[in-house]
Amino acid sequence: QVQLVESGGGLVQPGGSLSLSCAASGTIFGIGVMGWYRQAPGKQRDVVAIISRSGASSYADSAKGRFTISRDNAKNTVYLQMNSLQPEDTAVYYCNCQHWGNEYWGQGTQVTVSS
């Protein structure tokens, strides 16, 4: 089993930045693709960015040029650097990973962008 815990959410003004992290624990050998998803109130959960073990990444159009996903395999941690944040980025952000044919989710961390 894999447990994922997100941290780094909070309140930020438009144009500001936040850095999220997600640490994996438990049986974590061989974690594959990891990613960040977000869900705004009343909306579907949407992918923000994903990253392979080798560091190949892919972003949602809304995140391109503003967000950067990275991972540290030695620390079993995935990160999301978010710059130029706007109110439409407000959501609960969830960490996700694939591991030995199973999918795991973190509990989510709230990101609020407001002046």
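A quick note: this is a predicted structure, and the numbers were derived from the prediction, not measured. Position 1 is the first residue of the sequence; numbering continues from there.
No side-chain heavy atom of Leu11 sits under 4.5 Å from any side-chain heavy atom of Gln13. At least one side-chain heavy atom of Cys97 sits less than 4.5 Å from a side-chain heavy atom of Val2. A 4.5 Å side-chain heavy-atom check between Met82 and Tyr93 finds at least one atom pair inside the cut-off.
Under the 3.5 Å distance criterion, with hydrogens and angles disregarded, no donor-acceptor pair is assigned to the side chains of Asp46 and Gln44.
Note on Val92 and Tyr104: separate hydrophobic clusters, where clusters join Ile, Leu, Val, Met, Phe, Trp and Tyr whose side-chain heavy atoms are under 4.5 Å apart, directly or indirectly.
Among pairs with a residue in residues 45-75, none fulfils disulfide bond (SG atoms under 2.5 Å apart), at least two apart in sequence or across chains. Annotation: ring pair (Phe, Tyr, Trp, His ring centres under 6.0 Å) contacts involving residues 33-74, sequence neighbours excluded, comprise Tyr37-Trp105.
Remark: Glu103 CD is packed, more than 12 non-hydrogen atoms of other residues, nucleotides or ligands lying under 6.0 Å away.
Residues that satisfy the side-chain hydrogen bond (donor to acceptor under 3.5 Å, both in side chains) test with Thr77, not counting sequence neighbours, are absent from this structure. Applying the salt bridge (Lys or Arg N to Asp or Glu O under 4.0 Å) test to Arg66 and every residue at least two apart in sequence or in another chain returns Asp89. For Ser62, the side-chain hydrogen bond (donor to acceptor under 3.5 Å, both in side chains) partners two or more places apart in sequence, or in a different chain, are Arg38. With sequence neighbours excluded, the residues that form a disulfide bond (SG atoms under 2.5 Å apart) with Cys95 are Cys22.
Taking the ring centre of Tyr94 as origin, the terminal cationic atom of Arg45 falls inside the region bounded by 6.0 Å and 45° from the ring axis.
Judged by distance alone, the side chain of Thr90 and the main-chain N or O of Thr112 form no donor-acceptor pair under 3.5 Å.
The two residues Ala24 and Leu4 come nearest to each other via the heavy atoms CB-CD2, 3.6 Å.
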